[in-house]
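Here is the structure we will look at, set down as structure tokens.
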Amino acid sequence: VSRAKPEDDEYWNSSKFKAFTFDDDDDEFSRLKESKRAVNSILVDDDDDEEEEDGVERVSWSGEPVGSISWSVKETASSIRSGSEQSFPKIDTTPSLSKQGSGYSLSSLFKEKFRSLQDKLLLLDEAVAVYDGNLITAVSQILFRELMARDVALRHYVHYLKEMGEQKLLVELMKALGRTEDMALMQYKEHLNIKDEGQRRDFLKSCLGLPFSQDDATHVQDHYTLLERQIIIEADAEIFKKFPRKASILNMPIITTLYYSCFYHYGESEGTYSSPENIRKTFRISEKQYILTALGARAKLKSWFDVDSLFNTKNWLGYTKKRSPIGFHRVVDILQKNSAPVNVLQEYVNLIDSPELKLSVALKYKCHDIVINTYRDLKDRQELVVYREKLERDSPEYRKIQELLNNVQIRWKN
């Protein structure tokens, strides 16, 4: 690479030029952008003495510091298009750079004809405008090497490329810097711009071989597998006739997909893509998350038998026992929100281990039998009397309390 001009070194290294942040609207010097002095200063190239005297950063009409990366591209390109006389070589924006029979390689052309920072940036801007991939690559590689030694300038250039939406240049820059994981993530993010699900799936598949970190590679693999599976499941429209759905499953999160599967495909064999158990194992969903999701789906359908099956376990003697990884008080909350009948609620309230929590939940959801039995076991006559007054006279619960209060064999504590 030819030696940069002294003015280039001064731009990158001099303390006179403060870092450009792409956020100069609130800067006190932005008031100069409408002034005659700001306009005149744009055309001054070597008047360093005046700048040192007043300490004012030159500002263009756009409010951007003269000499910044975005100014260099915008202003020089503007000058060339307007026909003003500048020190930059004029560029024909038509694809006239011959790739065959030319005495210049792209690199030599870049070195010999475009020496200053502004020249390089202008050429890069014009190369992007005419979609000349070879020229963009040649310019970028040389520019990247210059930027690698200048951290502040490099950050500004990255910010500029992001603002301009130059995703391909960003990927090339990250690759040149050896930041392969960042390059892979930037390329992966391109899926957000793909609307067709089939094309997005194919793009995600093409990303699987990129140099991600281990965690990111797992995420991308899961993303591809999930979308592939959603496309297959989505094709089965017959199942929605009985229970119409509100939205498509495509591009939904894993847990939403699991809920959908538990709602529409519960009981399918594990070998099918739409099976809840298949989804659970494929995406390594925890038992706790699976139980919460399946419980919500089956309770929504009032399928209380399926709810029971979620918690039934057998010990080595063959006895069935209910066990829950989420606490039975949370199970009761979910059942009540889905309008479970009292007998179902009471079954799960009775499974709460803590007597205090059990009583609290029973009172909250008016599980009368549990409340009455708890006060009886506590031998708390006063609480039974208070609770009796909250019930309808001659109701079964009212009569049950009355019988307990009249039972002389119970030794009440109060």
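Predicted model only: the values in this text are computed from it and were never measured.
Relative orientation of the Tyr188 and His219 rings is perpendicular, given thresholds of 30° and 60° on the angle between their planes.
Expressed to the nearest 0.5 Å, how far CE of Met183 lies from CD of Gln187 amounts to 6.0 Å. To the nearest 0.5 Å, atoms CG (Leu335) and CG (Leu295) are separated by 5.5 Å. To the nearest 0.5 angstrom, Ile249 atom CD1 is 11.0 Å from Ile231 atom CD1. Put simply, OG1 on Thr218 and CZ on Phe212 are 11.0 Å apart, with the number rounded to the nearest 0.5 Å. A distance of 11.5 Å separates CD1 in Ile372 from SG in Cys367, rounded to the nearest 0.5 Å. Between His329 atom NE2 and Ser360 atom OG the span is 10.5 Å, to the nearest 0.5 Å.
At least one side-chain heavy atom of Ser274 sits less than 4.5 Å from a side-chain heavy atom of Glu268. Val331 places none of its side-chain heavy atoms less than 4.5 Å from the side chain of Leu351. The shortest distance between side-chain heavy atoms of Tyr260 and Thr256 does not fall below 4.5 Å. Using a 4.5 Å cut-off on side-chain heavy atoms (C-beta onward), Tyr319 and Lys314 make no contact. Using a 4.5 Å cut-off on side-chain heavy atoms (C-beta onward), Arg229 and Thr282 make contact. Between Leu258 and Cys262, the closest side-chain pair of non-hydrogen atoms falls below 4.5 Å. Contact check for Thr320 versus Thr313: no side-chain heavy atoms found under the 4.5 Å cut-off. Taking 4.5 Å as the limit, some side-chain heavy atom of Arg330 sits within range of a side-chain heavy atom of Leu292.
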Quiz item: Can you check side-chain contact (heavy atoms from CB on, under 4.5 Å) on Tyr365 and Asp333, steps first, answer last?
Solution: CA-CA 9 Å; Tyr365 296 129; Asp333 288 339; 2.6 Å; yes
Practice problem: Take Leu391 and Tyr387, measure what side-chain contact (heavy atoms from CB on, under 4.5 Å) needs, and give me the verdict at the end. | Solution: CA-CA 7 Å; Leu391 303 173; Tyr387 195 72; 4.2 Å; yes
Quiz prompt | Verdict with reasoning, Phe311 to Arg323, per side-chain contact (heavy atoms from CB on, under 4.5 Å) | solution = CA-CA 5 Å; Phe311 304 105; Arg323 185 186 67 85; over 6 Å; no
Exercise. Could you please spell out the steps behind the side-chain contact (heavy atoms from CB on, under 4.5 Å) verdict for Lys322 and Phe328?
Key: CA-CA 10 Å; Lys322 282 188 167 56; Phe328 283 111; 4.1 Å; yes
Quiz item: Step by step, would you call Glu392 with Arg399 a salt bridge (Lys or Arg N to Asp or Glu O under 4.0 Å)?
Solution: CA-CA 10 Å; Glu392 292 184 9; Arg399 291 196 299 269; over 6 Å; no
Quiz item: How far apart are the C-alpha atoms of Ser213 and Asp216, what are their side-chain angles, what is the distance that settles it, and do they pass the side-chain hydrogen bond (donor to acceptor under 3.5 Å, both in side chains) test?
Solution: CA-CA 5 Å; Ser213 66; Asp216 290 336; 3.1 Å; yes
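A donor-acceptor contact shorter than 3.5 Å is absent between the side chain of Asp182 and the backbone of Met174. Looking at Thr293, its side chain never comes within 3.5 Å of a backbone N or O of Tyr259 through a donor-acceptor pair. Between the side chain of Gln230 and the main chain of Asn251, a donor-acceptor pair closer than 3.5 Å is present.
Of all heavy-atom pairs between Ala299 and Val307, the closest is N-CG2, 4.2 Å. The nearest pair of heavy atoms linking His191 to Arg200 is O-NE, 3.2 Å. The two residues Ile254 and Leu226 make their nearest non-hydrogen contact at CG1-CD2, 3.6 Å. Shortest non-hydrogen contact noted between Trp304 and Ser339 is CZ2-O, 4.3 Å. Contact detail for Val371 and Ala362: the closest heavy-atom pair is CG2-CB, 3.6 Å. Considering all non-hydrogen atoms of both residues, Lys195 and Leu192 come closest at NZ-O, 4.2 Å.
Between Arg284 and Asp222, at least one side-chain nitrogen of the basic residue sits less than 4.0 Å from a carboxylate oxygen of the acidic one, meeting the salt-bridge criterion. Taking a cutoff of 4.0 Å between a charged side-chain nitrogen and a carboxylate oxygen, Arg280 and Glu277 qualify as a salt bridge. Using a 4.0 Å cut-off between a side-chain N of Lys or Arg and a carboxylate O of Asp or Glu, Glu397 and Arg388 do not qualify as a salt bridge.
With no hydrogens or angles considered, a side-chain donor-acceptor pair links Gln221 and Thr225 at under 3.5 Å. Between the side chains of Asn338 and Lys302, no donor-acceptor pair is found at a separation under 3.5 Å. Asn373 and Lys400 share a donor-acceptor pair across their side chains, judged by distance under 3.5 Å alone. Looking only at atom types and distance, the side chain of Ser303 has a donor-acceptor partner in the side chain of Asp306 under 3.5 Å away. No side-chain donor-acceptor contact under 3.5 Å links Ser309 and Asn312. Donor-acceptor pairing under 3.5 Å is recorded for the side chains of Tyr348 and Asp308.
For NZ of Lys205, the number of neighbouring non-hydrogen atoms (other residues, nucleotides, ligands) closer than 6.0 Å is 12 at most. Annotation: Asn193, atom CG; neighbour count of heavy atoms from other residues, nucleotides and ligands within 6.0 Å is above 12. Around atom NZ of Lys300, no more than 12 heavy atoms belonging to other residues, nucleotides or ligands sit under 6.0 Å away. When the shell of 6.0 Å around NZ of Lys288 is examined, it contains 12 or fewer heavy atoms from other residues, nucleotides or ligands. Heavy atoms of other residues, nucleotides or ligands lying less than 6.0 angstrom from CD of Glu389 number more than 12.
Shown here are the salt bridge (charged side-chain N to carboxylate O under 4.0 Å, His left out) partners of Glu270, two or more places apart in sequence or in another chain: Lys281. The side-chain contact (heavy atoms from CB on, under 4.5 Å) check on Arg393 picks up Tyr398, with sequence neighbours excluded.
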